[in-house]
**Student:** 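Here it is: the structure, laid out below.
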Amino acid sequence: MVVQNFTIEQFDMIFRHSQDYVFFMKRECENYRYMAVSDSVVTLFAQNPVGQLLTDVIDEHTVQHMIPFYHKAIETAEQTTYQDYTHFHQAQKFETTLYPVHQQDGDYVLAFTKALRYERELGEYYLFTRSLFFNSSLSTILLSNEGNIYEVSLKALEEMGIATHNITNKLFFTLPIFERIDAIKIKEAIVQINHDQYSASLMVTLQKNTKEPKYVLISMNKMQVSDGLTGIFVLLQDVTNYHIQTEQLRLTSRDLAHVQQALDSTLEMVVTDINGTIVEVNEPFCRGTKYKRHELMNMPMRKLNSRKHPKSYFKGLWETVLAGKIWRGEICNHTKYGEPYWVDTTIIPLKDEQGHINQFMCINLNISEKKAIMTELRNVDRIFRMITEHTSDLIAITNEDGILIYVSPSYSKLLQYSQDELQGTFYATILHGKSKNLWNSKLYNEFAKEGEYSFEFEIEGRDGQVYLVETSLAVVHDPMRPNVSQIMMASREITQRKQKESELMYMAYHDSLTSLPNRRYLVQEFAQYKKDALQYNESFAIIYLDGDNFKGVNDIYGHDIGDSFLREFGKALRQSIRMHDVVVRLGGDEFAIVVKGLTRDRKMRKEQVYQVIADIHERLAQGWHIERNHFAPTSSMGISFFPEDGMDLRRLLDASDLALLQAKQRGKNGHFFYEDTKI
């Protein structure tokens, strides 16, 4: 029921001297202003709140709990009751009943609040919380204000590798498991929490009886009851795997330009559209086909077909890649001048933001020489010997039982065995792990038939070093002795090539200047972001960033410093975000940040994004030096949210770009939410 035309004078007449806590409040957007209160409220607050906003009087956490009930009372036009814990002179539980009041100048709420007894509930809540944390699988510790250890969960004892009697009532930062520098950091964090911070996080290295270091993230938070700080709650998280992966990523990203140059000098690469029309090639591919780059662009790949393969061969190829799978095989092409040449091809499907295949990346290795070797093996023994003695390929021949009857010198050079040591032994003896089982299975089941086969094997040298080899295998029967056959193998060590293929995949989805993920990466991963958000009823934000006056850096300092400036800017953005968020370089001085795992509550998720924005501004304000020049740039930002502002990547980017334009119109170093353009 809605109360009509209720005045402040009526309130004073009825409720001014009431012993209950009575409030008359007016709604102002998302806040409420105290218009009149009973005398008991002034005693409760130790000041008269009339004229002030709710957020001026009550702490933020409590306000976030109360506001939805106030809104509900007005929007439903019904009486609403809720309970909360609020700290005035002491912590106390209250129950509030709200009555909506509608007048010509706006909406009001008449609130009646009474205190409840809750000591027993608080005690039960403490026991429940203590049982929940200290008997769970979480690594938790309870400290005094000074850092003395009160309580330790069983998981924390296991994490630290230390017994209970060795830590009880000792200072946390004096435990022998911490390095001296980490102990100092922990002590300083405890001091800060007691003075002016609510929480602190830091990563430390545990000194345990293990060969490998263990990295742990320590999160410390205040535990506040009544008027004072009663303790510090500590949570330990093992982040060793994340630390190792981060280090590996750093090493992979280093000298990316040199890696790209090395790949371009060895592997042919061509990108086609969904129909097989060429849209991009590198220089080795041009050299192999003897076409110029402009001649290859927009040419169908089928024009390079030598017609040596049956139609069924390419039918199987297309069925594989259109199903989203990687295809590996050998293809005989012909050059511009009709010369045949063989390539070992890896075809990788590339997907758009909807998860649909829109391009194919082909990575080729010219194997014409290897194919020629296999032909010579079948025909002329003299030529075979001459070739195998001087090739880097690994040539081997076994009998039908898999016993080596010939190995090329390249085997001895690679595996550090002499030819005499290898000949007469089973080929399986130099195979490693699962390759041994694969060889034995094929030897006794499939190699009885004459034919050609291709495999990847792992072979092991004298020193235990394992090498990955790509093997072309031919089974040849003696026409004079039908029961006698030989297995001829030509192998090539491809360990480095496999690594280069992985590096090439990395390059395809990362920006070469900043090593950040690029637009193609964002398009590929967006489907997963969307799937996760819908599954867990979450939201995520797209922050579109544009540097303020970045062009002036190139104009004043030159392109070399300009490139270094963009690398440092990208690095600063990575350091400002949470570890599960993503920074993408869209091009030029435009970047995008995907802030994942946000709540669907509009106000709360804005607060989450505000924190990210604040961290970015703070990091950019610190700046960096390049050749004695200090830069502390600013950046304008536009923000859109999934799913409200768009269900696909294009709409979200357009929305955040429009919000960015609004931010720039208001001045530099600002931000704007797309949803605010609709207010």
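Please read all numbers here as calculations on a predicted model, not as lab measurements.
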**Student:** Do I347 and V321 make a side-chain contact, defined as non-hydrogen atoms from C-beta onward lying under 4.5 Å apart?
**Tutor:** yes
**Student:** Hey, could you give me the NZ/OG1 distance between K315 and T320, rounded to the nearest 0.5 Å?
**Tutor:** 12.0 Å
**Student:** Below 4.5 Å, heavy atoms only, C-beta onward: do S454 and L473 meet side chain to side chain?
**Tutor:** no
**Student:** Report yes if some heavy atom in the side chain of I593 is under 4.5 Å from a heavy atom in the side chain of V584; otherwise report no.
**Tutor:** no
**Student:** Residues two or more places apart in sequence or in another chain: which of them pass ring-ring contact (aromatic ring centres under 6.0 Å, His included) with Y521?
**Tutor:** H510
**Student:** Does any part of the side chain of I403, heavy atoms only, come nearer than 4.5 Å to the side chain of T398, both counted from C-beta?
**Tutor:** no
**Student:** Compute the ring centroids of F360 and W318, then answer whether they are less than 6.0 Å apart.
**Tutor:** yes
**Student:** Would you give the length of the straight line joining atom CG of D581 to atom OG of S576, rounded to the nearest 0.5 angstrom?
**Tutor:** 11.0 Å
**Student:** For A183 and F173, which heavy atoms make the closest approach, and how far apart are they?
**Tutor:** CB-O, 3.2 Å
**Student:** To check you understand the geometry: which heavy-atom pair defines the closest contact between C332 and N305, and what is its length?
**Tutor:** O-OD1, 4.2 Å
**Student:** Mind checking the CG-CD spacing from L350 to Q524? Nearest 0.5 Å is all I need.
**Tutor:** 8.0 Å
**Student:** Does K336, at its NZ atom, have more than 12 non-hydrogen atoms belonging to other residues, nucleotides or ligands within less than 6.0 Å?
**Tutor:** yes
**Student:** Is a side-chain donor or acceptor of S441 paired with a backbone partner of L438 at a separation under 3.5 angstrom?
**Tutor:** no
**Student:** Using the six-membered ring wherever Trp is involved, compare the ring planes of F565 and F569 and label them parallel, tilted or perpendicular (cut-offs 30° and 60°).
**Tutor:** parallel
**Student:** Is K351 atom NZ crowded by more than 12 heavy atoms from other residues, nucleotides or ligands, each under 6.0 Å away?
**Tutor:** no
**Student:** Where the side chain of D273 meets the backbone of N275, is there a donor-acceptor pair that is under 3.5 Å apart?
**Tutor:** yes
**Student:** Any chance you could lay out the side chain to side chain contact (heavy atoms under 4.5 Å, CB included) test for V216 and L236, step after step, and finish with the verdict?
**Tutor:** CA-CA 6 Å; V216 173; L236 306 180; 4.0 Å; yes
**Student:** Can you tell me how far apart CG (N298) and OG1 (T277) are? Round to the nearest 0.5 Å.
**Tutor:** 7.5 Å
**Student:** Under a 3.5 Å distance rule, please check whether R520 uses its side chain to pair with a backbone N or O of Y509 as donor and acceptor.
**Tutor:** no
**Student:** Start with the C-alpha gap between Y411 and L404, add the side-chain angles, then the distance that decides, and say whether side chain to side chain contact (heavy atoms under 4.5 Å, CB included) holds.
**Tutor:** CA-CA 12 Å; Y411 266 103; L404 287 164; over 6 Å; no
**Student:** Any Lys/Arg nitrogen of K413 or E493 sitting under 4.0 Å from an Asp/Glu carboxylate oxygen of the other?
**Tutor:** no
**Student:** So do T345 and I363 actually touch side chain to side chain, heavy atoms under 4.5 Å?
**Tutor:** no
**Student:** Between N364 and M269, is there a donor-acceptor pair closer than 3.5 Å when you use the side chain of the first and the backbone of the second?
**Tutor:** no
**Student:** Quick check against the 3.5 Å criterion: does S564 have a side-chain atom that pairs as donor or acceptor with the backbone of D560?
**Tutor:** yes
**Student:** Do W342 and H334 make the cut of ring centroids closer than 6.0 angstrom?
**Tutor:** no
**Student:** Quick check: closest heavy atoms across Y215 and D238, and the distance to 0.1 Å?
**Tutor:** O-OD1, 3.3 Å
**Student:** Quick one, N518 and R585 - any side-chain contact, counting heavy atoms below 4.5 Å?
**Tutor:** no
**Student:** Report yes or no: does E295 contribute a side-chain atom to a donor-acceptor pair with the main-chain N or O of K292 at less than 3.5 Å?
**Tutor:** yes
**Student:** Evaluate the side-chain proximity of I348 to M505: yes if any heavy-atom separation is below 4.5 Å, no if none is.
**Tutor:** yes
**Student:** Decide, yes or no, whether a salt bridge links E339 with K290 under the criterion of side-chain N to carboxylate O below 4.0 Å.
**Tutor:** yes
**Student:** What distance separates E458 CD from I430 CD1, expressed to the nearest 0.5 Å?
**Tutor:** 12.5 Å
**Student:** Given the rule in the side chain to side chain contact (heavy atoms under 4.5 Å, CB included) test, do L322 and I274 qualify, once you have shown the distances and angles that lead to the verdict?
**Tutor:** CA-CA 9 Å; L322 289 175; I274 191 69; 4.0 Å; yes
**Student:** Is it true that atom NZ of K596 has more than 12 heavy atoms of other residues, nucleotides or ligands lying nearer than 6.0 Å?
**Tutor:** yes
**Student:** So which atom in S491 and which in T471 form the shortest heavy-atom distance, rounded to 0.1 Å?
**Tutor:** OG-OG1, 2.7 Å
**Student:** Please name all residues satisfying side-chain hydrogen bond (donor to acceptor under 3.5 Å, both in side chains) with T272, sequence neighbours left out, ordered by chain then number.
**Tutor:** none
**Student:** Please identify each residue that fulfils ring-ring contact (aromatic ring centres under 6.0 Å, His included) with Y291, with sequence neighbours left out.
**Tutor:** none
**Student:** Does any non-hydrogen side-chain atom of T205 lie less than 4.5 Å from one of F178?
**Tutor:** no
**Student:** What I want to find out is whether R293 reaches E283 closely enough, with some N-O distance under 4.0 Å, to be called a salt bridge.
**Tutor:** no
**Student:** Would you confirm whether S219, through its side chain, and S201, through its main-chain N or O, come within 3.5 Å as a donor-acceptor pair?
**Tutor:** no
**Student:** Taking the side chain from E421 and the backbone from S418, do they hold a donor-acceptor pair closer than 3.5 Å?
**Tutor:** yes
**Student:** Using the side chain to side chain contact (heavy atoms under 4.5 Å, CB included) rule, take V469 and L394 through it: C-alpha gap first, then chi angles, then the decisive distance, then the call.
**Tutor:** CA-CA 9 Å; V469 296; L394 305 167; 3.7 Å; yes
**Student:** Are side-chain N/O atoms of T346 and R328 paired as donor and acceptor at under 3.5 Å?
**Tutor:** yes
**Student:** Would you find a donor on one side and an acceptor on the other, under 3.5 Å apart, between the side chain of Q419 and the backbone of V407?
**Tutor:** yes
**Student:** Are side-chain N/O atoms of Y406 and Q423 paired as donor and acceptor at under 3.5 Å?
**Tutor:** no
**Student:** If you draw a 6.0 Å radius around CG in N437, do more than 12 non-hydrogen atoms from other residues or ligands fall strictly inside?
**Tutor:** yes
**Student:** Which value, rounded to the nearest 0.5 Å, describes the distance between L235 atom CG and I141 atom CD1?
**Tutor:** 9.5 Å
**Student:** Salt bridge check: are R492 and D344 linked by an N-O gap of less than 4.0 Å?
**Tutor:** no
**Student:** Looking only at heavy atoms, what is the nearest atom pair of E330 and S472, with distance?
**Tutor:** OE2-OG, 3.4 Å
**Student:** For the residue pair L267 and L365, what are the closest heavy atoms and their distance?
**Tutor:** CD2-CD1, 4.1 Å
**Student:** Answer yes or no: is there a donor N or O on one side and an acceptor on the other, between the side chain of K214 and the main chain of L206, under 3.5 Å?
**Tutor:** no
